[in-house]
Number of protein chains: 2
Amino acid sequence: MPFSDSLLEDELPAQQSVVDYKKSQKQRKVLAHLYVNGTCTLANLATLLHSSVPSVTSLVDELIQTEWVASMGPAIGNNGRRPVLFGLNTKRNFVAVIDVSIHDTKILFMDTQRHIVFRDDIDLQLNNHSSFLSSLVSYFNTALLKAGLSEDELIAVGISMPGLIDARRARNLTYKQLNQTEESLARWFSAETNKPVYLINDTKATVLGESRFGGAQGKKQVLSINIDWGIGLGIIVNGEVFHGASGFAGELGHIQVDPDGELCHCGKIGCLNTCTSAAALEQRVQRDILSGQVSKLAIFKDSVDQIGITELIDAAHQGDSYAIDILHEAGYLLGKGLAIAINLFNPEIIIIDGVLTSAANFILSTIEQAISKYCLSDFRNDMTIELTQLNGSAKWLGTHTYVMENIFANH
Amino acid sequence: MPFSDSLLEDELPAQQSVVDYKKSQKQRKVLAHLYVNGTCTLANLATLLHSSVPSVTSLVDELIQTEWVASMGPAIGNNGRRPVLFGLNTKRNFVAVIDVSIHDTKILFMDTQRHIVFRDDIDLQLNNHSSFLSSLVSYFNTALLKAGLSEDELIAVGISMPGLIDARRARNLTYKQLNQTEESLARWFSAETNKPVYLINDTKATVLGESRFGGAQGKKQVLSINIDWGIGLGIIVNGEVFHGASGFAGELGHIQVDPDGELCHCGKIGCLNTCTSAAALEQRVQRDILSGQVSKLAIFKDSVDQIGITELIDAAHQGDSYAIDILHEAGYLLGKGLAIAINLFNPEIIIIDGVLTSAANFILSTIEQAISKYCLSDFRNDMTIELTQLNGSAKWLGTHTYVMENIFANH
DNA sequence: CAATGTTAGTTCTGAAATTAATTAACGTTA
DNA sequence: TAACGTTAATTAATTTCAGAACTAACATTG
């Protein structure tokens, strides 16, 4: 299946018989289906697998033996004998989800049904120091102790972080120092924790979460837009996360929108990121406030570095017209960038995610305005724009999904 | 499988038994594999299908009965008994490929191994008149007679044409008049010819051809660039043509590159198409020559409308510095547009196709220049830019493939 | 509360497919 | 040219699986 298994690189699947192969394929399908659907009857699985009920019965029996699956009791129904529901065993196979951002880091432990059984928000910012990873490992071990999870209850670790993530080599190319020596980031972390480690870009994790459990459920062609340090575009193509050849797909933030613009940290000039990323907005607002801009945000005049994107949005919600103008403008630029992506991807739905969600009132209208202006009208007809409904958990759900789908793929 | 079957819209697969379902799945796989690989031994097919040799033998026997497959004699080999090779029967199941462009129309009949058994270039330009289609039908019927093919030897028709092709409804939204009344274009043509008709955008056909039989063979993430009336971007994602939600994906030509640019026929301002499409280049050269530009092309001064993209490229090949400058510039703009697509798609290969191929000497360098300037450098490392090797047949191969893959999908 | 209808799940049987064994077809070599 | 090595394909055997028949579990109804 995909890539980014941290431990095995090109290990060939052991030469197995045809019947074993088919069985593992089917078991994998069962697990993946139970993972997204929660519970399922034998009859459901039989039609899903194009197999007979007796076959599925023995298949599921085996999965119960290995403690992957558990019976969830009978379903409620109107008439007739009630079917027994099966689901993933939630008492085993916990996964650690580590959400790394430039603001802080969160360590979560989730069960197979994606319930958070433990959460720790730690004051560790993503930076380019090689010490970052070793701190993370010690925080991780502490969390494991606090959560009271034993070694063998945890099966894998998923890490989501911003930056260009080289999928095959599981390295972060934006934060190069994180790759200890020549080893891949994930491989190193894996050696430290003795667990398989899966690395995924934060935007791709978010869109994966939306695709499986959010507003994009069942949709085949999806874009999700996310604003953070940079502008992230998450892409679902034919129902699957689109990574591109090296894992870099969706770098909307580094397309040029202003030839006379500012220098971007990537070295190019006038990238979309220099106009409308969280970092760019903060800088701009801080500059404006310092130079006497009239605004509710002026209360921060003596400590402008306290102004973040959240403060900006809060001010807008309080009716501050300067803040509203800034957000309107950001929305328009975002829409302009989105319009390009729409022309290329022809999505059926666009999901607004991340911190932007709370600014929806102020940016949605100008986003739509820009899209109408810069997109061919035929593209608009079958397309909707929606806000995330997942309350900020899309990224975690997506990271968990990414880990589980990889685990299922290796039977 | 995909969409755009002209005859059946949402017809559900007949409720069939599990064993029948599996058999048709396997037969479909066999056909698809033989289609791209030409010939194949039973052992090959067995590993492909994850089945035993005896099973595959009976499967293939059945396909021979239905005259889809034929034995191709023994393979040559070093030692041991020679395996029998099987391939698609080339004496049956011919497909008509109709290549419609704004310059002319070509009608081809191809056998299952993609050999052209008949070709007719007809003087019919794609235009927005509703009479176009009826002319095409009569040309088509004439060609059928000339080729000496009987009704039942032809199984389907594939039409490639420029424009926005609404996949689900098989309509051409750019050339709206072609859609007779409310019926879809393909459906109407299908009724006239009594064959299933598949409609595909020309750029998508081209990239499909490159993906299956050209330089992009085996590549998963591919972009192909094509210049014609507009700029076409063909996209292969995870090894399959990317259509988008409605079939419009890849409209690179209508992203804005110059806010102060010319009005595009789409209604927007400064689209890439207004700078560097064949139409735009022709217009510009014609204007320049008329107003006294020094160039070999000045021989056309009294009949500038004779200057097409081919004449421009010819002049460049003769060393005309004006023509070379124009092409250099076009390459640079094209590269700038491509850079955006690269940032979003992170392809492993970009293929230069269509009329551009012959201008490669003049545009490749500036394309690369622009890409280096506007792309993150990490994107360049795993990416190559290549010229098509298919001598202009990519589009036909792709159209044929599109038809065949759809036919195989409906067993 | 027995009879009946409905759906689920198990048991059983015949069909189908896998695996193993055998035969076939070829080249090489003694 | 006959024996042997090698690979293919067929036949035989054993296993697996689908489909049907049957049993189980529930609600409703007379």
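Sequence lines set the chain letters: A, B, ... in the order given, protein chains first and strands last, and positions in each chain run from 1. The shown structure was predicted, so the numbers you read here are calculated from the model rather than taken from an experiment.
- Tyr35(A) and Thr401(A) form a side-chain donor-acceptor contact under 3.5 Å, judged by distance and modelled atom types alone.
- Residues Val84(B) and Gly80(A) both approach DNA chain D. Their nearest nucleotides, taken by heavy-atom distance, put Val84(B) toward the 5′ side.
- If you check dA18(D), dT7(D), dC26(D) against the side chain of Asn79(B), the one that comes closest is dT7(D).
- At a threshold of 4.0 angstrom between heavy atoms, the contacts of Pro54(B) include nucleobase atoms, whether or not backbone atoms are also involved.
- Between Ser51(B) and dT18(C) there is a side-chain polar atom (N or O) within less than 4.0 angstrom of OP1 or OP2.
- Rounded to whole angstrom, the span from the CZ atom of Arg82(B) across to the C1' atom of dT7(D) amounts to 10 Å.
- Rounded to an integer number of Å, the gap from CD of Glu62(B) to C1' of dA17(C) is 14 Å.
- Residue Ser17(A) places at least one side-chain N or O closer than 4.0 Å to OP1 or OP2 of dT19(C).
- Although no hydrogens or angles enter the test, the distance criterion places a donor-acceptor pair under 3.5 Å between the side chain of Lys195(B) and the main chain of Leu154(B).
- Per the geometry, CG belonging to Leu42(B) stands 14 Å off P belonging to dT11(D), to the nearest Å.
- Comparing Thr41(B) and Lys22(A), the nucleotide of DNA chain D nearest to each residue sits closer to the 5' end for Thr41(B).
- The nearest whole Å value for the distance from the CG atom in Asp61(A) to the P atom in dT10(C) is 8 Å.
- The distance from atom CG of Leu85(B) to atom P of dA8(D) is 11 Å, rounded to the nearest whole Å.
- Residue-level contact check: Val19(A) touches the backbone only, with heavy atoms under 4.0 Å from sugar-phosphate atoms and none from bases.
- Under 4.0 Å is where a charged nitrogen must lie from a carboxylate oxygen, and between Glu405(B) and Arg212(B) at least one such pair does.
- In terms of phosphate contacts, Ser55(A) brings a side-chain nitrogen or oxygen within less than 4.0 Å of OP1 or OP2 of dA18(D).
- Donor-acceptor pairing under 3.5 Å, judged by distance alone, is absent between the side chain of Arg81(A) and the base of dA25(D).
- Atoms CD1 (Ile64(A)) and C1' (dG9(C)) sit 13 Å apart, rounded to a whole Å.
- Rounded to whole Å, the distance from OH on Tyr21(A) to P on dT19(C) is 14 Å.
- Side chains of Ser150(B) and Asp152(B): a donor-acceptor N/O pair is present below 3.5 angstrom, by distance only.
- Nucleotide dT15(D) holds its C1' atom 12 Å from the NZ atom of Lys23(A), rounded to whole Å.
- The listed nucleotides are dT10(C), dT18(C), dA9(D); the one nearest the side chain of Ser52(B) is dT18(C).
- Distance from the side chain of Thr57(A) is smallest to dT10(C) among dT19(C), dG9(C), dT10(C).
- Between Asp20(A) and Ala43(A), the residue anchored closer to the 5' end of DNA chain C is Ala43(A), taking for each the nucleotide with the nearest heavy atom.
- Between the side chain of Gln221(B) and the main chain of Glu348(B), no donor-acceptor pair closer than 3.5 Å is present.
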